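Let me begin by presenting the structure, written as structure tokens, before commenting on it.
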There are 4 protein chains.
Amino acid sequence: MSTAAHVESAVTDPKLIEERRGQIVRAAVKLFSEEGFYTTTIQQIAREAGVSTGLIYQYFKDKDDVLFLALKLVLETYEHEIPPRLEGIKHPVERLCMALSAYCFIVDGLKQATVLAYRSTKSLRPDRRTLVKEDELRTNRLMEACVRACVARGYMCRVNEYLLAYQYVMFAHAWALKNWALRGRYSLAKYVSEGVRLLIEPFLTEKGCAALDAIRRRNGDFSREAGAAHQKPRRGRNAEAV
Amino acid sequence: MSTAAHVESAVTDPKLIEERRGQIVRAAVKLFSEEGFYTTTIQQIAREAGVSTGLIYQYFKDKDDVLFLALKLVLETYEHEIPPRLEGIKHPVERLCMALSAYCFIVDGLKQATVLAYRSTKSLRPDRRTLVKEDELRTNRLMEACVRACVARGYMCRVNEYLLAYQYVMFAHAWALKNWALRGRYSLAKYVSEGVRLLIEPFLTEKGCAALDAIRRRNGDFSREAGAAHQKPRRGRNAEAV
Amino acid sequence: MSTAAHVESAVTDPKLIEERRGQIVRAAVKLFSEEGFYTTTIQQIAREAGVSTGLIYQYFKDKDDVLFLALKLVLETYEHEIPPRLEGIKHPVERLCMALSAYCFIVDGLKQATVLAYRSTKSLRPDRRTLVKEDELRTNRLMEACVRACVARGYMCRVNEYLLAYQYVMFAHAWALKNWALRGRYSLAKYVSEGVRLLIEPFLTEKGCAALDAIRRRNGDFSREAGAAHQKPRRGRNAEAV
Amino acid sequence: MSTAAHVESAVTDPKLIEERRGQIVRAAVKLFSEEGFYTTTIQQIAREAGVSTGLIYQYFKDKDDVLFLALKLVLETYEHEIPPRLEGIKHPVERLCMALSAYCFIVDGLKQATVLAYRSTKSLRPDRRTLVKEDELRTNRLMEACVRACVARGYMCRVNEYLLAYQYVMFAHAWALKNWALRGRYSLAKYVSEGVRLLIEPFLTEKGCAALDAIRRRNGDFSREAGAAHQKPRRGRNAEAV
DNA sequence: AATGAATGAGTGTTCATTCAT
DNA sequence: TATGAATGAACACTCATTCAT
């Protein structure tokens, strides 16, 4: 549905397809992110990708298709880059904190692309839009699973897991969407540690808080900045769940 | 700066200007919301507004200018419609809850326009973009003021007020931005009451919680659905601040 | 179905529409006739018509639509220009001869356009193609009616009127289609008089032949060339019909 | 002049050339016939012929050259397929009737290709167009020779042999060109027998008519349909020629 | 003040043709 | 010989903007 298989003389070599598509989509993400979908021309993408205009139509059905794969690339980055960053982490609370942190750091690396997703998803044809939304939902479920693990193991009190997970997602996205308002006030690290304080800590049980304290002692408040952990505020105390 | 004062044959009668602009901008908001900025043509706006294409250029400098005023209209709706809904409400906790609720209800009535703001703000020329952002910040400060009042009066523990206020904003916006994912799960009323539970209640002091309980007994959980308040979960208890 | 009513800002003034359409279609017929449909660009038509490219799309849906009206113009010329040339002519045999002659003369003035019709009718969308064919059929019926009148009045023996009429049509068209082969051998007048000899005379009854002879004495063999009638060959004699 | 001899890396083996060309031209005739010259792409021809796009340019100079050979193939089919069908037929009247019949049957098998010839000959470069026209003239001469033989042997009265032969050609072509109008009224066989009645019989001498009658008794009115000959109409009687 | 016809630069897309392999 | 990926010029069509009325 996203391929150029319908194109008269579509390319057949799978390796080449992968390479060219990547090449073109990367150029597209860059330009769409900077200038927006409608103001970026196919010719610009071609030039940025170092190919001819015609070539793009051997790998994509139309401009919409380029956008689709560009957005998929971004959305899949979220989905694929969080798990590796959780690897080896056992403790549910630490996993949750890391998931939030990871999401924010990934978004930080894709700030413009994240904004692009918000700007341009509606420009997609409905069927493709649906597919992109499914990508987003999968990432949401990743976050939700972290929440559930905390609740299941008694580190977090009962909450609306779905909605809380969505807050994490929005919190990460906001780093890109509202970067113009946030970057003057917070470093990314600070933003993440504040996020933990606002959106995780209040829902932890005593046991969960204890775990979080331990983690902070080790990891420094999820902040890479030295001393970022010094300002220990009063935090929510939740009774043991169940 | 947004006017068409530079236009050759600009109209001079201020009353007429206001009327025509409103007429055109309302049409623009409708069409931009439905179809997006780039896919809406000036001719469509003219037809929707019941005027000629040429007329638009007597009241706006260019298409960008129409977008600018359209976005301003949306952003100012947030800013202007929240205060009246808080009128007469004295208790800081209730004000905060009502502010969140009001924001969500306003967004609900402007779902597409809210999405439009996210899609199209970057399409504005930088100077106009800045002005739109300032509109948003003013609304943020409205929310922030509500938080501060709660903290000042000891209903809420010390928090990062700026960021918490931003969570409220994002939470309201999310009702529009992620409506496709949320509407199947929550009614608006339920969404709001869950918002209170996730983003307000955890930060309340005991005193604040007591106040919230009282409000809920009166107002029914900020939910219009009968019995929506029945599922009272364990909620955060915060020690008195300071 | 051929209008530009679907166009965003189609023109509304009927007088203007007629004028502009005529202006553009005339340019199109000229260029399509000379260069063919596919090798003629919209820009060329615009230039030839003395208008801008964009204007064409205010009066035509697409290039196909221009072709459609161009072909209709040609086909309707046949249909509309034959009757006036028969006006005042009473005798069925003379009417038939004049019809054939008129058709050939009209085709002579539209040689390239006639070739265009053969080249490009298949390039039309099926529904429009059908409409053009109906135009052609109406002209055929004009010819057929002339044949029928001759038969009914006993000037012509019973024949397959439909097919004979079609021979007249093809004979006239051939003057355009095969002009490259014919123009070296015959003048148009000679061609017409040979047509009468081949496709009318053989089917005349004695009475019909007598009438034809009288007509020729008056009109000079349907040939404007002096002496074109000198080579009187043996011709078909048909018994009285019925 | 039609070859690809000028092509950089032209193929030299004559046998291969013949084979490849045939393969490609057959595919081209099929596609051009169905879709037209301009709407058929070289890539489609390549796929239909089961070769690569590049290969076509080793056997043809350009797309125009493919069209040229495609049209030649069609035109030569007429020229080459008529004589075999006349083989063994001695009587001039029968030969003439068979020639007309054969032409119609050949056209019937090449309906779309015949239309193609009318659509696309003008798309050829002038020099190539001339060559195609010469092919057509050779077929015309085939028909003309049949007419001449009839006249010479006294079966047909004196006529404009050239033009009559052209009528036969047009009659056959019309079966393709106007098939949309004819196929509802006549079977091919009926069409042919009507053609004999309209374009041959009227010009026969008494001797010729007698011969035709005999032929019909044997061959059934040039119609494959049983009983097609039953409806014997009044037909032209010509006095002996000379 | 208002109209809407006219403009023409700009864009997505196609496809004949080339050429490295 | 044969391939098919790559090219880029060319074209249909759109639409923001202008301006005569």
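Just so it is clear, the structure is predicted and the values come from calculations on it, not from any experiment.
- Looking at residues two or more places apart in sequence or on another chain, you find no side-chain hydrogen bond (donor to acceptor under 3.5 Å, both in side chains) involving C:Tyr38.
- Shown here are the salt bridge (Lys or Arg N to Asp or Glu O under 4.0 Å) partners of A:Lys30, two or more places apart in sequence or in another chain: A:Glu34, A:Glu48.
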Let me have DNA chain E in dot-bracket notation, would you? Count Watson-Crick plus G-U wobble pairs, both distances under 3.5 Å, and use [ ] for pairs crossing earlier ones and | for inter-strand partners.
.||||||||||||||||||||
Distances for protein N or O near nucleotides 19-21 of chain F N or O, under 3.5 Å:
none

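- Legend: residues meeting salt bridge (Lys or Arg N to Asp or Glu O under 4.0 Å) with A:Asp13, ordered by chain and number and at least two apart, are absent.
- For residues 49-59 of chain B, the set of pairs meeting the salt bridge (Lys or Arg N to Asp or Glu O under 4.0 Å) definition, not counting sequence neighbours, is empty.
- Sorted by residue number, the members of residues 37-45 of chain A with any non-hydrogen atom under 4.0 Å from DNA chain E read A:Thr40, A:Thr41, A:Ile42, A:Gln43.
- Contact between the side-chain N/O atoms of B:Tyr59 and the OP1/OP2 oxygens of E:dA2 is found at a separation under 4.0 Å.
- Comparing B:Ser52 and A:Thr53 by the nucleotide of DNA chain E whose heavy atom lies nearest to each, the residue mapping closer to the 5' end is B:Ser52.
- Remark: C:Ser120 pairs with no residue by the side-chain hydrogen bond (donor to acceptor under 3.5 Å, both in side chains) rule, at least two apart or across chains.
- Evaluation of the side-chain hydrogen bond (donor to acceptor under 3.5 Å, both in side chains) rule for B:Thr114 yields B:Tyr78 as partners, not counting sequence neighbours.
- Annotation: salt bridge (Lys or Arg N to Asp or Glu O under 4.0 Å) contacts of D:Glu19 (sequence neighbours excluded): none.
- By the side-chain hydrogen bond (donor to acceptor under 3.5 Å, both in side chains) test, A:Ser33 pairs with no residue at all, sequence neighbours left out.
- Partners of B:Ala49 under the side chain to side chain contact (heavy atoms under 4.5 Å, CB included) rule, at least two apart in sequence or in another chain, are B:Gln23, B:Ile24, B:Ala27, B:Val51.
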